[in-house]
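Below, all heavy atoms of this structure are taken into account, side chains as well, without hydrogens, waters or symmetry copies.
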Protein chains: 2
Amino acid sequence: MDKGKDVTIYDLAEKLNISVATVSRALKDDPVVSKKTKKKIFELAEEMGYRSNNFARNLRTQRTNTIGAILPRLNSYFMSTVIAGIEHVANSQGYNLIISQSSESGEKEQQCARTMFNNRVDGLLVSLAYDTDTIRHFDSFLKKDIPVLFFDRCAEHDQITSVLIDNRKAAYEATKHLIAQGCRRIVHITAHTSRNVYTERLAGYRQALEENQLPFDGSLIIRNNLSQEAGYEAAKDILAMPRLPDGVFVANDNCAVSCMLALKKQGVSIPADMAFVGFNNDPVSMVIEPNLTTINYPGYEMGEVAARYLISHLMGGAPMTATNTVLLRSELIIRDSSLRNP
Amino acid sequence: MDKGKDVTIYDLAEKLNISVATVSRALKDDPVVSKKTKKKIFELAEEMGYRSNNFARNLRTQRTNTIGAILPRLNSYFMSTVIAGIEHVANSQGYNLIISQSSESGEKEQQCARTMFNNRVDGLLVSLAYDTDTIRHFDSFLKKDIPVLFFDRCAEHDQITSVLIDNRKAAYEATKHLIAQGCRRIVHITAHTSRNVYTERLAGYRQALEENQLPFDGSLIIRNNLSQEAGYEAAKDILAMPRLPDGVFVANDNCAVSCMLALKKQGVSIPADMAFVGFNNDPVSMVIEPNLTTINYPGYEMGEVAARYLISHLMGGAPMTATNTVLLRSELIIRDSSLRNP
DNA sequence: TTGTATGCGTTATCAA
DNA sequence: TTGATAACGCATACAA
């Protein structure tokens, strides 16, 4: 048990008086090596505390066994849940995971991509930043046939598969539900961006209005960054409206919750005066009173699916280009914040 | 712009009719290379889309420029905040971050450690799992002088520095506050483990009782896994007590919040009947009504400090063995859940 | 200031 | 079934 130096296959080979080639093969569990030698080698490796050198292997094989993930932020409930799912799959498949966050900045996202590229990840999982307006920074990957996969915050690209839910449909269901509860003037709070998830949700909202012969009123759309603080601001905006709305559909639970709190403080009764629906099924939706009706967004599953998909491709499975989009199931969870006739 | 093949320093050298050694040195910005040649090399590198091969370099230098992080779980508010802090520092210092989760299992933690070891991380950040009872799985790192650093969930070890808050003191303050609010029978909900953070909090709780001549009553200690579900169960336990408590100090906001919800549903008035204090300053503490008094636990800062500490050591800074413990400031945030005489 | 030559630990291609 | 050996791309000791 030497302290400083690492044990290599040369050490093993020398000690057993065989060639490094055989040792290498044995360690890979190559069936061509005889059981006997294999056993000898394994035992000695164990005894000498051998560990394979990944760099040398990577250098040789030109693969890293590492997948990269670029996320807009790490410290949100949804994203951390997704990461947990990704990590779980990656780890169980023997892949390493390297993670970085774009902090919702397109510029930072490009940096992250470059770093991932230089680290030669075998594949890349990405959820786009708020203000990413071009996805050319992934071209270098595609050019080298390194698969890239978007999840949640996606963009159209014919070489990149997207894993997401049907945001339009989910928003449609949410809005329809509010209408069914008697709402006629429904505010929609969404992000100030053209990121797919938000435009789709807006589209679903509009569709539900139209199908129910309700006019679309642009003054009922509030755009902000969907943070907690933004929720308080939104409440002010709502209270300042010449005619108060009777329903609010928010593209994010966090923002919905703080908005509800602010409105409640001003004497607004929920759901009687205003019914609320959020998005994500964040744990806070169960803490706010009344509990928030929301869209269940399976973050953990999304992480698992995305990672599994990427890895199975890396392991020589189905080509990615075949499928353009993988849609996960989501569902409306009805709670008290929107139930007017219980 | 060849598609398949990577550009190497050999390509650059050949094209410029100089040696690879010079190219290598120039790319490292070695001052020994003349400005002129350096410029030529940089320009060509840019033009040909050269990117350095980290494996080759790592293989050569025996360093990876990567730090590993093992966390009990990724999908909790606190932990994801810590990760964000770690990632921020690592990234800005040019270090890669590889992450894995032990899922609160000591066994899985050992696996993670082994993987990190095989990936030859330059340093390791660890927050221990619930049921980790030995830390021998980090010996292999220490033997090779790979620095290991604990944060939040720590264990005593004379070669491992710990970054944490003064849990005992924080719990002491929390309990003292409840006593000052008139509480005399204070329940403490904590984890079913001997992990430092929980034993320390319990110790702080006891100390506050003793200093105020209140008897310690083991039947007032509720142990569970501090999850949301556990909070509901804890509420049942509390309501089943022969004599109801008048204060509750929970080692975790999430659990506190669900416990409060369950108690409220049963007609318990908070803080009048029972005052509540949580731990962590999780966002839900601001959503629950009344808002939860809690200990502010600076997760992001903790991540930053831990990462910075490790990296500065790696870059040849202060040796880690000098400092045993880095204590971060925490503070009691008083909100309505514990304020009896407003 | 630049060049030569070697080793880092594996894997893969031959040949035996 | 095994062995010898050439890459893989880079960094550095030594020489020039």
Side-chain angles (χ1 to χ4, degrees), chain A residues 2 4-42 44-45 48-66 94 96 117-122 144, chain B residues 2 4-42 44-45 48-66 94 96 117-122 144:
Chain A
D2 198 321
K5 216 63 192 82
D6 259 335
V7 180
T8 74
I9 53 174
Y10 282 99
D11 301 326
L12 299 179
E14 192 180 17
K15 212 136 195 163
L16 292 174
N17 250 321
I18 55 180
S19 78
V20 290
T22 306
V23 175
S24 174
R25 283 192 277 254
L27 292 171
K28 290 241 79 165
D29 211 22
D30 192 322
V32 86
V33 180
S34 80
K35 290 255 180 201
K36 287 220 165 180
T37 25
K38 233 184 229 175
K39 188 161 176 246
K40 276 196 306 185
I41 293 171
F42 276 127
L44 185 64
M48 295 183 67
Y50 167 81
R51 59 171 175 163
S52 80
N53 185 319
N54 285 328
F55 316 146
R57 170 182 301 131
N58 293 341
L59 177 59
R60 189 54 232 252
T61 59
Q62 304 286 28
R63 302 182 76 253
T64 63
N65 244 49
T66 298
N96 283 113
F117 189 66
N118 286 334
N119 277 288
R120 287 171 160 72
V121 293
D122 289 345
K144 288 212 177 297
Chain B
D2 198 321
K5 215 65 193 80
D6 260 335
V7 180
T8 74
I9 53 173
Y10 284 98
D11 301 325
L12 300 179
E14 191 180 17
K15 213 136 195 164
L16 292 175
N17 249 320
I18 55 180
S19 78
V20 289
T22 305
V23 175
S24 173
R25 283 191 277 254
L27 292 171
K28 290 240 80 164
D29 211 23
D30 191 323
V32 85
V33 180
S34 82
K35 291 256 180 199
K36 287 220 166 183
T37 25
K38 232 185 229 174
K39 190 163 176 242
K40 276 196 304 185
I41 293 171
F42 276 126
L44 184 64
M48 296 184 65
Y50 167 81
R51 56 171 178 163
S52 80
N53 184 318
N54 285 329
F55 317 144
R57 172 185 298 131
N58 293 342
L59 178 59
R60 187 54 232 253
T61 61
Q62 306 285 29
R63 301 183 76 254
T64 62
N65 244 49
T66 297
N96 283 113
F117 189 65
N118 287 334
N119 277 287
R120 288 171 158 74
V121 292
D122 289 344
K144 288 212 177 297

Quiz item: Under 4.0 Å between a side-chain N or O of S34(B) and OP1 or OP2 of dT2(C)?
Solution: yes
Exercise. Specify the separation, in whole Å, of atom CG of L27(A) and atom C1' of dA12(C).
Key: 15 Å
Self-check item: Along DNA chain C (nearest heavy atom to each residue), the more 5'-positioned of A56(B) and T37(B)
Solution: T37(B)
Practice problem: Please check if the side chain of D30(B) supplies one atom and the backbone of V33(B) the other of a donor-acceptor pair under 3.5 Å. | Solution: no
Self-check item: Expected output: side-chain N119(A) to main-chain N54(B) donor-acceptor under 3.5 Å
Solution: no
Quiz item: Within this structure, what is the CG-to-C1' distance between N54(A) and dT10(C), rounded to whole angstrom?
Solution: 10 Å
Quiz item: Once you round it to whole Å, what is the distance between P of dT10(C) and NZ of K28(A)?
Solution: 12 Å
Quiz prompt | salt bridge (charged side-chain N to carboxylate O under 4.0 Å, His left out) involving K39(B) - partner list, sequence neighbours excluded | solution = E43(B)
Self-check item: Whole-Å gap separating P (dC8(D)) and CZ (F55(B))
Solution: 15 Å
Quiz item: Rounded to the Å, how far apart are Y50(B) OH and dG9(D) C1'?
Solution: 8 Å
Quiz item: R63(B) near the nucleic acid: base, sugar-phosphate alone, or nothing, with a heavy-atom cut-off under 4.0 Å?
Solution: nothing
Quiz item: Is there a donor-acceptor contact under 3.5 Å linking the side chains of T64(B) and N58(B)?
Solution: no
Exercise. Grab the CG-P distance between N58(B) and dT10(C) for me, whole Å please.
Key: 14 Å
Exercise. Using only side-chain N and O atoms of Q62(A), determine if any of them is under 4.0 Å from OP1 or OP2 of dA7(D).
Key: no
Quiz prompt | R57(B) backbone acceptor or donor facing T61(B) side chain under 3.5 Å | solution = yes
Quiz item: dT1(D) P sits how many Å from K35(A) NZ, rounded?
Solution: 11 Å
Quiz prompt | Under 3.5 Å donor-acceptor, N65(A) side chain and N96(A) backbone | solution = no
Exercise. Mind running a 4.0 Å heavy-atom check of residues 9-26 of chain B against DNA chain D and sending the residues that fall below it, in number order?
Key: I9(B), Y10(B), A21(B), S24(B), R25(B)
Exercise. Report which part of the nucleic acid V32(A) touches: base, sugar-phosphate, or nothing (heavy-atom distance under 4.0 Å, all strands).
Key: base
Quiz item: Where the side chain of K15(A) meets the backbone of Y10(A), is there a donor-acceptor pair that is under 3.5 Å apart?
Solution: no
Exercise. Whole angstrom is fine here: how far is it from CG in L59(B) over to P in dG9(D)?
Key: 12 Å
